[in-house]
Amino acid sequence: MLFKKENLKKLQSFIKENNLEGYLIYTSDPHDSEYVASHFLDVRKYFCPFSGSAAEVLITKNEAYLFTDGRYWIQAEKEIKDSGYTLIKKGDKNVPSLLEFIKKNNISPLGVNLFDMKMGEYEEFINSKIEIKDLDISYLIDNLSPLSKEKVFKLDKELTTLTYKEKIIEIYKKIEEKGAKANLVTTLDEIAFILNLRGNDIPNNPVFYSYLYLSKEFENHLFINKEKLDFEIEEINIHPYEEIVEFIKKHCDVPTLLSKNRVNAKIYSLFNNVIDASNPSYLMKAVKGEKEIENTKKIQAIDGLALLKFQKYLEENIDNNLSEYDYSEKLKEYRLSSPLCFELSFETIAAIGSNAAEMHYAPTKEKHSIVSKDNIELLVDSGGQYYGGTTDTTRTFLIGKPTSEFIHDYTLTLKSLINLSKTIFLEGSTGQTIDIRSREFMWQEGMDYKCGTGHGVGYILNVHEGPNGFRYKRVKDRDDGSIIIPGMITTIEPGVYKANKYGIRIENNLLCVKAFETNDGNFFKFETITYVPIETRCLDLSIMNKEEIEWLNNYHKLVYDKLSLLIKDDESLLSFLKEKTKAI
């Protein structure tokens, strides 16, 4: 879907014809998905040239604004140049929020598709005297992509600790405790989790468009395109996806548990008796069971082997003028060579120099840079979807001669990763409680990275999931501030990003486990479950202490132990692994 200036003018004409002051477009779908199918993403891309995965677009009669956070500022400035758009840097100092901006500029009445707007946000707009008109503009778009009809598939019994029937019984108990008789689940990864099913409706996210209504008294109902199912699901009534609205209207008086910040305003407003609470499945999904943890560790080693092969390939081909895209495709090839890997978990970030300073830069066949020793680094952030788990790993590979500034910043990044990785914390701590353990070295020098330190990782599901995460402050649209408890898997990915210079990031996945118990309570710690060598050739050991060096050496011993078991009759690769994991 390509943006043209006449598309923007078409929408501005629509605004005038409908007596609006503006129209708001979310990067969303009716299920509050972070990444969305082309059918829904086309709406934003048709009217705006920005290609990132997170943004809001506000169009008025004569102006156009793009709201996005610090991960995308450099990228956004490039992409919206000469398009008629103004960039609003969300989260920057003295920059108003989306609602504040709309209120300050009196952009009311405001058009929006309420299927794309969360109920909690809708109420904030109404309370701010912003008149909202529910208007769908998808009919304005030429050649709107259709929704996928690919089949849904079942997970093997060995991949899940609980059956879907056991999960539903547990949900019944939890909603009854809240005084509800039903639970409507609209978030796609929770539906997939509950039913132990997966799909392919959104690239890199093995979910399927559907709604799930759970009730002991009124039975269980799944709303989905029936063409996507070629099997029956016991104790689940199947309905066409589009019938959800009529179904709710017939059950609108049933006390129903809904999360106001997870359900779209259109669906929420149909109910008369809402129990506002978090879906039980939200936390259940984040706390991995015994089988999920065991399987995840196995596929992390398989994924680590793919990255080891990639690093060797990179060093052997650095003089061959290959592009960032070429390298990303090679890494994809290594991952998919495992029969357990069925797709990537997100679009691979492979970036040199100034490209690496854009946190979410991703090369394409048409847009990329050549990788050579003229560059200091190649930053690679990538992951896979496996029958056994989901991975997300970043390494910054040294390919050229590092400057003293780069060496210092790389070492700070590693120190940040180590400090949080070896943290022991008291039960009840949140990611916000301990995030400073990662940032403190950078803060001491007046530096910071404009994003969270880490996020929850799904299990054969979305690579980003709540409610766990690491972030030093509450961010309204980021639900990642929960208590960290055993079974949660969270990334840690500190970094340094300097525009027009370079980008540095190192990322591991951490599993929360029990540490010990004293009279003062239960204490938890992290087990690192990513097994990939960390670059050591650009470290300033003078600013690393004995404990940090010991941590790194122990980590590399773990990596060697895990990966050497998978290398069969490949002396060259085993020798490379030994070199990359040798003690410093």
Side-chain angles (χ1 to χ4, degrees), residues 1 3 5-33 36-37 39-48 50 54-68 84-86 88 90 96-142 144 186 211 241-242 244-246 248-249 252 258 260-272 274 276 476-477:
M1 185 59 58
F3 164 80
K5 285 188 176 180
E6 50 261 41
N7 299 347
L8 177 58
K9 292 178 181 178
K10 185 192 299 187
L11 181 51
Q12 288 175 326
S13 295
F14 172 89
I15 290 169
K16 294 170 185 175
E17 291 166 4
N18 286 273
N19 298 314
L20 301 172
E21 290 300 319
Y23 193 92
L24 178 60
I25 302 174
Y26 288 92
T27 306
S28 187
D29 61 16
H31 306 271
D32 190 34
S33 303
V36 301
H39 177 79
F40 300 104
L41 188 58
D42 281 355
V43 178
R44 194 201 76 195
K45 286 190 171 182
Y46 187 77
F47 296 110
C48 177
F50 178 63
E56 294 83 40
V57 169
L58 177 63
I59 313 294
T60 66
K61 294 175 181 177
N62 301 303
E63 304 292 339
Y65 304 94
L66 174 70
F67 291 74
T68 193
Y85 271 86
T86 299
I88 307 296
K90 287 173 60 177
S97 68
L98 174 64
L99 176 57
E100 290 169 343
F101 185 91
I102 290 170
K103 189 175 180 180
K104 180 180 178 181
N105 291 279
N106 195 30
I107 305 174
S108 178
L110 179 68
V112 66
N113 184 351
L114 289 183
F115 270 114
D116 295 338
M117 192 178 204
K118 287 185 282 192
M119 183 61 193
E121 190 165 16
Y122 175 70
E123 287 186 339
E124 290 180 356
F125 274 68
I126 298 303
N127 292 337
S128 297
K129 310 298 184 196
I130 305 297
E131 181 185 351
I132 299 291
K133 288 190 176 182
D134 181 21
L135 296 168
D136 183 3
I137 58 171
S138 59
Y139 75 93
L140 296 175
I141 298 168
D142 302 319
L144 187 66
T186 66
Y211 296 91
Y241 179 73
E242 298 79 11
I244 183 64
V245 171
E246 290 305 313
I248 292 174
K249 287 179 179 178
C252 60
L258 290 171
K260 187 177 292 185
N261 290 317
R262 302 283 288 173
V263 178
N264 69 65
K266 188 79 169 184
I267 292 291
Y268 190 98
S269 62
L270 297 173
F271 287 93
N272 295 328
V274 169
D276 185 19
K476 180 183 170 185
D477 59 351

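For clarity, every value in this text was computed on a predicted model and none was experimentally measured.
Scanning for ring pair (Phe, Tyr, Trp, His ring centres under 6.0 Å) contacts around Y23 gives an empty result, with sequence neighbours left out. Considering only residues two or more places apart in sequence or on other chains, K61 meets the salt bridge (Lys or Arg N to Asp or Glu O under 4.0 Å) condition with E21. The side-chain contact (heavy atoms from CB on, under 4.5 Å) search around A55 returns T27, R44, F50, L66, T68, not counting sequence neighbours. Judged as a salt bridge (Lys or Arg N to Asp or Glu O under 4.0 Å), and not counting sequence neighbours, the contacts of D134 are K266. In this view, S97 and E100 satisfy the side chain to side chain donor-acceptor pair (under 3.5 Å) rule, not counting sequence neighbours. Remark: K133 pairs with L20, P109, E131, L135 by the side-chain contact (heavy atoms from CB on, under 4.5 Å) rule, at least two apart or across chains. Applying the salt bridge (Lys or Arg N to Asp or Glu O under 4.0 Å) rule to E6 yields no partners; only residues at least two apart in sequence or on another chain are considered. A search for ring pair (Phe, Tyr, Trp, His ring centres under 6.0 Å) contacts involving Y211 returns H31, Y241, not counting sequence neighbours. Partners of K249 according to the side-chain contact (heavy atoms from CB on, under 4.5 Å) rule, which considers only residues two or more places apart in sequence or in another chain, are V245, E246, L270. With sequence neighbours excluded, no residue forms a salt bridge (Lys or Arg N to Asp or Glu O under 4.0 Å) with E121.
D142 has its side chain within reach of K10: a pair of non-hydrogen atoms, C-beta onward, lies under 4.5 Å apart.
Between the NZ atom in K16 and the OG1 atom in T60 there is a gap of 9.0 Å [rounded to 0.5 Å]. Taken from CG in L144 to OH in Y46, the straight-line distance is 10.5 Å, to the nearest 0.5 Å. Here the straight-line distance linking atom OG of S33 with atom CG of L41 works out to 11.5 Å at 0.5 Å rounding. Note that CG of L258 and CE of M119 are 10.5 Å apart. Values are rounded to the nearest 0.5 Å. For the atom pair L99 CG and S128 OG, the distance stands at 4.0 Å (nearest 0.5 Å). One distance of note links CD of Q12 with CZ of F47; it measures 10.5 Å at 0.5 Å rounding.
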Step by step, would you call V43 with I141 a side chain to side chain contact (heavy atoms under 4.5 Å, CB included)? CA-CA 7 Å; V43 178; I141 298 168; 3.6 Å; yes
Verdict with supporting geometry, I137 and N113, side chain to side chain contact (heavy atoms under 4.5 Å, CB included): CA-CA 8 Å; I137 58 171; N113 184 351; over 6 Å; no
Run the numbers on T186 and D32 for side chain to side chain contact (heavy atoms under 4.5 Å, CB included), then give the verdict. CA-CA 8 Å; T186 66; D32 190 34; over 6 Å; no
May I have the step-by-step check of side chain to side chain contact (heavy atoms under 4.5 Å, CB included) for I248 and I244, ending in yes or no? CA-CA 6 Å; I248 292 174; I244 183 64; 3.8 Å; yes
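Across every non-hydrogen atom of I102 and L58, the tightest pair is CG1-CD2, 3.8 Å. The minimum heavy-atom distance between D276 and K260, with the atom names listed, is OD1-N, 3.0 Å. Of all heavy-atom pairs between F14 and N18, the closest is O-ND2, 2.9 Å. V112 approaches L24 most closely through the heavy-atom pair CG2-O, 3.6 Å. The two residues I130 and I107 have their closest heavy-atom pair at CG2-O, 4.1 Å.
The stretch residues 101-117 participates, sequence neighbours left out, in no salt bridge (Lys or Arg N to Asp or Glu O under 4.0 Å) pair at all. Contacts classified as ring-ring contact (aromatic ring centres under 6.0 Å, His included) and involving residues 96-141 (residues at least two apart or in different chains) are given here: Y65-F101, F67-F101.
Checked by atom type and distance alone, the side chain of N264 pairs as donor or acceptor with a backbone atom of P30 at under 3.5 Å. A distance-only check finds no donor-acceptor pair linking the side chain of N7 to the backbone of F3 [under 3.5 Å].
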